[in-house]
There are 2 protein chains.
Amino acid sequence: MSLKHAVLAVLSHADRTGYELTRKIDGSVANFWPATHQQIYLELKKLDSEGWVTFREKAQSDKPDKKIYSISRSGRAELKRWVLESQAPTPVKDVLLIKLFASHLVSSDVLIDELDRHRVGHEVKLKEYRAIEREHFKSTHISRDALAQYLTLRKGIIAEKAWLEWCEESIARLRASD
Amino acid sequence: MSLKHAVLAVLSHADRTGYELTRKIDGSVANFWPATHQQIYLELKKLDSEGWVTFREKAQSDKPDKKIYSISRSGRAELKRWVLESQAPTPVKDVLLIKLFASHLVSSDVLIDELDRHRVGHEVKLKEYRAIEREHFKSTHISRDALAQYLTLRKGIIAEKAWLEWCEESIARLRASD
DNA sequence: GAACACATGTAACACGTTACATGATTGC
DNA sequence: GCAATCATGTAACGTGTTACATGTGTTC
């Protein structure tokens, strides 16, 4: 449902190959709607058969040939229509919370170790995002077009900070309860 | 993959009917792994055929009969095995971020309205969670068993606060850019 | 009389993952 | 020689959603 529009959204900024869409190039789809390359190639095929994207094949001598996809006029119209629809918040799904909910079955040491691994992971992500912020959005005035992309980055930063805060708090509470 | 274990996790605390599992009773599965009742009835059937849950049928005169499910010894063992596995963080998936990424196609007024709707939604959720916190976790000393459940609530509270912060910041930035 | 809460289920379809398959170039 | 990056694809399977179906009791 959403991957279709996620792909269109990225193509509305720049032409891309299927391969590029699966990578986290320039902070696009992969960051907020990850998918495998199989999934993306399939969607591109569907988008093509609906006329929402077009592609041109480009032969390369040193690397495999590639297909460069572009959003079409009707694709852009469809994307706009979809963006204009009001959106219910995406429900939270988190495996770690399920594990926590069942954690009365294991020792708190095991739990603390797991939480600490997650803490470190979120710390790393936060640093990455902050580096992107410094590099690409340092100027005081940001264009309207860049602003929207900046806000998705800000979401990443704020969410990672929240994760960190929660991991630290949880570890402290578990330590205190022993 | 995870719904199976989410259901086991809830049943490890108390017996439940399929119907109860689909509701947000006592802040269980529905809060961090939402699923439709069809999905849950199907999983319960699978869990039963694997011997991880058992059920007893209870006839009711005023309401439809129901099946009360319990976790079995092997189910508890399986749940423990699964909890002990180290978990990669659940990847972020968020439709709103896709829309933001494509928002250069629409006016900033439309965007601000949408962000404000989300802001209000998160405000309401935050209040709900805080009410649960006041009601159920007011004492200074919380048992180890209750602590794990409290931490899932804390995750909800911290995440909603982060959402609010981001919505407010984003609206302000969009207003300033006009 | 309509809508909602309780309570369970089947069937068809859409979405997503894993495994398998191919093949060139570049770096260790 | 082995692994990684670039680049695309098929097939089988598993997960999740939507629509449809049934039936009682309570509230507006």
Side-chain angles (χ1 to χ4, degrees), chain A residues 1-8 10-11 15-26 29-30 32-50 53 55-69 82 87-95 98, chain B residues 1-8 10-11 15-26 29-30 32-50 53 55-69 82 87-95 98:
Chain A
M1 198 97 271
S2 293
L3 182 56
K4 234 189 259 308
H5 295 100
V7 168
L8 284 177
V10 178
L11 293 180
D15 296 353
R16 292 255 175 267
T17 66
Y19 188 84
E20 287 169 334
L21 284 164
T22 62
R23 310 265 122 200
K24 284 186 202 184
I25 299 162
D26 68 10
V29 235
F32 35 80
W33 206 271
T36 57
H37 76 274
Q38 290 83 347
Q39 189 63 23
I40 284 175
Y41 285 129
L42 195 95
E43 287 302 336
L44 284 170
K45 212 173 261 185
K46 286 186 197 166
L47 288 168
D48 177 46
S49 73
E50 287 186 276
V53 299
F55 66 90
R56 54 184 193 284
E57 279 176 275
K58 191 178 179 185
Q60 297 182 118
S61 50
D62 51 337
K63 292 174 201 169
D65 297 354
K66 58 185 181 181
K67 291 180 179 176
I68 301 165
Y69 286 86
W82 178 79
Q87 185 66 49
T90 307
V92 177
K93 280 204 169 185
D94 206 298
V95 181
I98 303 177
Chain B
M1 194 101 272
S2 293
L3 182 57
K4 235 189 256 312
H5 295 101
V7 168
L8 284 177
V10 178
L11 294 180
D15 296 351
R16 294 256 174 265
T17 66
Y19 188 83
E20 286 169 334
L21 283 163
T22 61
R23 309 264 123 202
K24 283 184 204 183
I25 298 161
D26 67 12
V29 235
F32 35 80
W33 207 270
T36 56
H37 76 274
Q38 291 84 346
Q39 187 65 22
I40 284 174
Y41 286 128
L42 195 95
E43 287 302 337
L44 284 170
K45 211 173 261 185
K46 285 185 197 166
L47 287 168
D48 178 46
S49 72
E50 287 186 275
V53 300
F55 66 91
R56 53 184 196 283
E57 278 177 273
K58 193 177 177 186
Q60 297 182 119
S61 51
D62 52 335
K63 291 173 202 169
D65 297 354
K66 58 183 178 182
K67 291 180 177 176
I68 302 165
Y69 286 87
W82 179 79
Q87 186 66 48
T90 308
V92 177
K93 279 203 171 185
D94 206 298
V95 181
I98 303 176

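Below, read A as the first sequence line, B as the second, and so on, with proteins coming before strands; counting in each chain starts at 1.
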Per-nucleotide protein contact string for nucleotides 9-16 of chain D, where B marks a base within reach and S marks sugar-phosphate only (heavy atoms under 4.0 Å, - for neither): BB----SB
Nearest non-hydrogen partners of B:Ser2 and B:Trp33, listed with the distance: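 Closest heavy-atom pair between B:Ser2 and B:Trp33: CB-CZ2, 3.7 Å.
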For A:Thr90 against B:Val95, the heavy-atom pair lying closest together: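 Closest approach of A:Thr90 to B:Val95, heavy atoms only: OG1-N, 3.0 Å.
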Residue among A:Val7, A:Leu11, A:Thr17 satisfying side-chain contact (heavy atoms from CB on, under 4.5 Å) with A:Tyr69: A:Leu11
What's the [atom1]-[atom2] distance between [X] and [N], to the nearest Å?
{"X": "A:Arg56", "N": "D:dT8", "atom1": "CZ", "atom2": "P", "result": "13 Å"}
{"X": "A:Ile40", "N": "C:dG16", "atom1": "CD1", "atom2": "P", "result": "11 Å"}
{"X": "B:Lys58", "N": "C:dA7", "atom1": "NZ", "atom2": "C1'", "result": "14 Å"}
{"X": "A:Glu57", "N": "D:dA7", "atom1": "CD", "atom2": "P", "result": "14 Å"}
{"X": "A:Asp65", "N": "C:dG23", "atom1": "CG", "atom2": "P", "result": "14 Å"}
{"X": "B:Arg16", "N": "C:dC6", "atom1": "CZ", "atom2": "P", "result": "13 Å"}
{"X": "A:Glu20", "N": "D:dT5", "atom1": "CD", "atom2": "P", "result": "16 Å"}

For A:Asp48, salt bridge (Lys or Arg N to Asp or Glu O under 4.0 Å) partners two or more places apart: none
For B:Gln39, all residues meeting side-chain contact (heavy atoms from CB on, under 4.5 Å), sequence neighbours excluded: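 B:Gln39 satisfies side-chain contact (heavy atoms from CB on, under 4.5 Å) with B:Leu3, B:Ala35, B:Thr36, B:Glu43 once adjacent residues are dropped.
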Set of side-chain contact (heavy atoms from CB on, under 4.5 Å) partners for B:Pro34, sequence neighbours left out: A:Pro91, A:Lys93
Aromatic plane relationship, B:His5 with B:Trp82 - under 30° parallel, 30 to 60° tilted, over 60° perpendicular: parallel
Stepwise side chain to side chain contact (heavy atoms under 4.5 Å, CB included) test for B:Leu44 and B:Lys67: CA-CA 10 Å; B:Leu44 284 170; B:Lys67 291 180 177 176; over 6 Å; no
Helical bend (five base pairs per end, nearest 10°) for the helix from C:dG1-D:dC28 to C:dC28-D:dG1: 40°
